[in-house]
Amino acid sequence: MKDETRRSVLLTAVPSIVTALLVQACLSGGDATAQAAAVVDLDPVEGVWEAVITGRDCATGAVLGTFRGLEMFHRGGTLTDTNAAPPSTRGVGMGVWKRTGAGPGYTAAFRFNRYNPDGSLAGSQKVTRSFTLSADGNTQTSTNTASVIDLTGAVVQSQCATDVSTRAFAL
């Protein structure tokens, strides 16, 4: 009786397993095709960019100082940002980007946490960038605005900057 039950279970299960494996193989092949097509359709801004950011007085445009930054524009419209500030004072920035039309213009926005010298959370900062990609796709120039936000969500300071970014890696 046990042998008949095992045989019955195997006769029912094996075709189901084979069908599931075939469906999985067919679906993953489609994913590979879609992924290969997506590689061809890369947006020129995708990749890693090194920036020199110039902080400016928002009213006069006077230079307040410069610092270095690094951004990665991911496929699909997300980005990761950091800069040369000590990691104990600033978290990693996370945000989004999009093309602003058929031309070389883009916008991006990201946010990062800010920390007090004792390591406690001080608030966050939201940065918005409008930038243009050069014709060769290896540099970008931008105007930036930032809002420094306290723990209650109130904007406590506005900041302005410009930057010039260059592609960090070329393949």
Between the main-chain N or O of [Y] and the side-chain N or O of [X], is there a donor-acceptor pair closer than 3.5 Å?
{"X": "Asp118", "Y": "Ser120", "answer": "yes"}
{"X": "Thr100", "Y": "Gly105", "answer": "yes"}
{"X": "Asp57", "Y": "Thr60", "answer": "yes"}
{"X": "Arg167", "Y": "Asn138", "answer": "no"}
{"X": "Ser134", "Y": "Thr139", "answer": "yes"}

Heavy-atom check, side chain of [X] versus side chain of [Y], under 4.5 Å:
{"X": "Val148", "Y": "Arg114", "result": "yes"}
{"X": "His74", "Y": "Thr80", "result": "yes"}
{"X": "Arg56", "Y": "Thr162", "result": "yes"}
{"X": "Phe110", "Y": "Lys126", "result": "no"}
{"X": "Leu70", "Y": "Val48", "result": "yes"}

### Task
Return the minimal non-hydrogen interatomic distance between Ile53 and Ala161, and the atom names on each side.
CG2-CB, 3.8 Å

## Note on the structure
What one should report as the nearest heavy-atom pair of Ser124 and Asn113 is CB-OD1, 4.0 Å

With rounding to the nearest 0.5 Å, note down the distance linking [atom1] in [X] to [atom2] in [Y].
{"X": "Asn83", "Y": "Glu71", "atom1": "CG", "atom2": "CD", "result": "10.0 Å"}
{"X": "Glu46", "Y": "Leu79", "atom1": "CD", "atom2": "CG", "result": "12.0 Å"}
{"X": "Glu50", "Y": "Ser165", "atom1": "CD", "atom2": "OG", "result": "9.0 Å"}

### Message
Hydrogens and angles aside, do Gln159 and Gln125 bring a side-chain donor and acceptor to less than 3.5 Å of each other?
### Response
yes

### Message
side-chain contact (heavy atoms from CB on, under 4.5 Å), that's the test. Do Arg111 and Ile149 meet it? Break it down for me.
### Response
CA-CA 10 Å; Arg111 191 175 192 140; Ile149 303 163; 3.2 Å; yes

In one Ile/Leu/Val/Met/Phe/Trp/Tyr side-chain cluster, 4.5 Å: [X], [Y]:
{"X": "Val156", "Y": "Leu151", "result": "no"}
{"X": "Phe112", "Y": "Tyr115", "result": "no"}
{"X": "Val127", "Y": "Trp49", "result": "yes"}

### Query
Which pairs with one or both residues in residues 89-98 pass side chain to side chain donor-acceptor pair (under 3.5 Å), sequence neighbours excluded?
Asp81-Arg90

### Message
My understanding is that only residues two or more places apart in sequence, or in another chain, count here; which of them pass side-chain hydrogen bond (donor to acceptor under 3.5 Å, both in side chains) with Ser142?
### Response
Arg129, Asn144, Asp163

### Task
Indicate yes or no: does Arg99 engage Asp43 in a salt bridge with an N to O separation below 4.0 Å.
yes

### Task
Any pair with a residue in residues 125-145 that passes ring pair (Phe, Tyr, Trp, His ring centres under 6.0 Å), sequence neighbours left out, goes on the list, sorted by first then second residue, please.
Phe73-Phe131, Tyr106-Phe131

